[in-house]
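The structure appears below as structure tokens.
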Amino acid sequence: MKLIVGVLSLFLVVCVAELDSKIKVEEGVYVGSKDNWDELLKNEYVLAEFYAPWCGHCKALAPEYAKAAESLAAENSEIKLVKIDATEEPDLAKKFEVRGYPTIKFFVKGEVSDYSGGRKADDIVDWLKKKTGPPATDLADDEATEKFIDSADYVVVGFFKDSESEKAKTFLDLARSDDETKYGITSSESAMKKYEVKDNSIVLFKNFDEKRNDYTGSLTDKDAMKKFINANSLPIISEFSEKTAPRLFSGEIKSHLLLFINKKSDSYESVYAEFKKVAEGHRGKMLFVIVDDGEESNKRVIEFFALEKGEVPTVRIVSIGEDMKKYKPAFTDLKYEEMNEFVKKYFDGKLKPHLKSEDIPEDWDKNPVKVLVSKNFEAVAMDKSKSVFVEFYAPWCGHCKSLAPIWDQLGEKYQDHPDIIIAKMDSTANELETVSVKGFPTIKFFSKTTNQIIDYDGEREFDAFVDFLEGAPPAPDSKAPPSPEPKKDKEEL
């Protein structure tokens, strides 16, 4: 019997090796296609990145993705990392509902789920190990516990003499559900003595601020434990970067105060001290984040908030939700009293969102495609004498650039039409209170007959646009499907 099992095992190893040799590999990453996809999914664990060659975020991810693949291969991991050019493999992209780049999917025995980890090699590897291994690292003694605590910026350790108790099981359930945090568990008396904790204790250890936080709530309340970790796992003041952005903007705390400042400026230390005092008074309710104006990588964030050079240093409140809302202060002196009052008014509901707008161009209606900004949008798009078909775009968006000649052609066709206007608006420079734009390009039809705003969800081709405009719009009580580019954190945002 053992001989049969051994032969079968060897056969499977040979089959996998043969599979690997047939599929192109670049820097440790398998190149996926519709022709080899079924073969790739014979592996138990597959992480697949759908990318576009022109996508900036994809280019930034590529070396980290390759580094993660090489790291896993060095450990003889069964996890395979795959990349698929979605522009060359549209059928695969459509099958897995790829609407932005990069989109990363995780497959376990063919079952798909979304990847929710970071975009650095270590983050990718840690996330995959968490998904494929035990939820918490078993720490044998005080030395293993110390080594684990030093392994990351922050970790959570459960001290349970009985690892089969209900309290320990609740802790492990929490660990299993949390993709961002490293968890360890120990029943070692030497570890409990060294870290001065009793049986059935949970401690968050970190290499910043107060160094550790001891959980004092119920050990069977998973939600309370999660809130404790969310409140204490980020520094009192975080710095915005490509690495920290996913944790900052996808976390439980949705209200953020951003300080835009050049860290090399003479005023940095004094402004930071005032900012920190505000942060200490609102910890757990609001995140406090520094955006370094001197960092080239932060340029797009600064553009998003439409900050001029003369405005920095300054602060903005941002509320992360279905629609991101931004709040601009009336003051310029960044003292504790002013910033703290600004935060209090926000929580009291006494602030109005700040909306960006360009000035109306003198020649906004000169060309077949009319140019809209926030200041003339309502007068044009909401004009009940005409229906208006609007593309909301971003100047740097690859899909928008591809659409531009088609949209110009559409404008030429309808430039003399008595009832239809073709228009466009740069949504990176203009914001609207009544219209939600969550991705680029977003295309909406403002109907004069039904007074509806209808999301366009068809093909981005000239004939498809014409068919839509010439056909009857949906009935007033119908709901249009969502825009095809809704996801955040994608290239086309």
Side-chain angles (χ1 to χ4, degrees), residues 49-61 84 86-87 90 93-105 114-116 119 242 245-246 248-250 254 299-301 303-306 318-326 353 355-358 369 372-374 377 381 388-404 406-407 410 422-446 453-461 464-465 468 479-493:
E49 176 210 359
F50 293 85
Y51 72 96
W54 44 259
C55 160
H57 290 314
C58 303
K59 292 174 183 177
L61 174 63
I84 300 108
T87 65
K94 184 177 181 181
K95 180 178 181 180
F96 296 110
E97 300 180 343
V98 174
R99 294 179 174 177
Y101 307 116
T103 290
I104 306 176
K105 301 284 185 177
D114 290 330
Y115 172 79
S116 58
R119 293 187 180 178
E242 185 181 337
L248 293 172
F249 293 108
S250 63
K254 302 301 183 184
K299 184 178 178 182
R300 187 175 286 181
V301 179
E303 287 176 353
F304 177 75
F305 283 89
V318 59
S319 175
I320 312 293
E322 179 107 11
D323 299 314
M324 184 182 288
K325 294 180 180 178
K326 303 184 288 292
L355 301 173
K356 295 182 291 184
S357 178
E358 295 177 299
V369 176
L372 303 183
V373 297
S374 300
F377 183 86
V388 186
F389 202 30
V390 184
E391 177 208 1
F392 299 89
Y393 72 96
W396 41 261
C397 156
H399 290 320
C400 303
K401 291 174 184 176
S402 299
L403 178 60
I406 299 172
W407 204 251
L410 192 68
I422 307 301
K424 64 181 180 180
M425 189 175 90
D426 178 356
S427 286
T428 67
N430 299 276
E431 295 172 324
L432 302 166
E433 193 169 359
T434 56
V435 179
S436 174
V437 177
K438 299 177 184 176
F440 303 124
T442 288
I443 301 171
K444 293 179 182 285
F445 182 75
F446 296 78
I453 302 173
I454 301 166
D455 289 330
Y456 176 79
D457 195 31
E459 296 294 324
R460 295 176 190 158
E461 301 293 340
F465 289 137
F468 174 81
K479 289 187 177 179
S483 174
E485 297 284 348
K487 291 192 177 181
K488 292 183 181 289
D489 260 346
K490 303 296 182 188
E491 174 65 10
E492 300 314 322
L493 180 65

Do R119 and P102 come close enough that some side-chain heavy atom pair is under 4.5 Å?
-> yes
Mind checking whether F465 and F389 have parallel, tilted or perpendicular rings, split at 30° and 60°?
-> perpendicular
Using the six-membered ring wherever Trp is involved, compare the ring planes of Y456 and F468 and label them parallel, tilted or perpendicular (cut-offs 30° and 60°).
-> perpendicular
Should L355 and E433 be marked as a side-chain contact (heavy atoms from CB on, under 4.5 Å) after you check the CA-CA gap, both sets of side-chain angles, and the distance that decides it?
-> CA-CA 8 Å; L355 301 173; E433 193 169 359; 3.8 Å; yes
Mark yes or no for whether S374, through its side chain, and E431, through its backbone, hold a donor-acceptor pair below 3.5 Å.
-> yes
Do I454 and K444 have side-chain heavy atoms sitting under 4.5 Å apart?
-> no
Grab the two heavy atoms, one from C58 and one from A52, that are nearest each other, plus how far apart they are.
-> SG-N, 3.8 Å
Report yes or no: does S357 contribute a side-chain atom to a donor-acceptor pair with the main-chain N or O of V373 at less than 3.5 Å?
-> no
Heavy atoms, side chains only, cut-off 4.5 Å: are N430 and F377 in contact?
-> no
Are I443 and L403 close enough that some pair of their side-chain heavy atoms sits under 4.5 Å apart?
-> yes
Do other residues, nucleotides or ligands put more than 12 heavy atoms under 6.0 Å from the NZ atom of K94?
-> no
To the nearest 0.5 angstrom, please state how far the OG1 atom of T442 sits from the CE atom of M425.
-> 10.5 Å
Is there a side-chain contact between I104 and F50, using heavy atoms and a 4.5 Å cut-off?
-> no
Can you name the nearest heavy-atom pair linking P90 to T87, along with the distance?
-> CD-O, 4.2 Å
Does any non-hydrogen side-chain atom of R300 lie less than 4.5 Å from one of W396?
-> yes
Within a strict 4.5 Å, meaning less than it, do heavy atoms of the E391 and V369 side chains meet?
-> no
Any idea which heavy atoms bring P441 and H399 closest together, and the distance?
-> CD-CB, 3.6 Å
Is L61 close to Y51 at the side-chain level, that is, under 4.5 Å between some pair of heavy atoms?
-> no
Please report the C-alpha distance between K424 and L372 in whole Å, then the side-chain angles of each, then the deciding distance to 0.1 Å, and finally whether the side-chain contact (heavy atoms from CB on, under 4.5 Å) criterion is met.
-> CA-CA 6 Å; K424 64 181 180 180; L372 303 183; over 6 Å; no
If you round to the nearest 0.5 Å, how far is SG of C397 from CZ of F440?
-> 7.5 Å
Chi angles and distances behind the side-chain contact (heavy atoms from CB on, under 4.5 Å) call for V435, F446 = CA-CA 11 Å; V435 179; F446 296 78; 4.1 Å; yes
List the atom of F305, the atom of K326, and the distance in Å for their closest heavy-atom pair.
-> CE2-CD, 3.2 Å
Main-chain N/O of A423 paired to W407 side chain as donor or acceptor, under 3.5 Å | yes
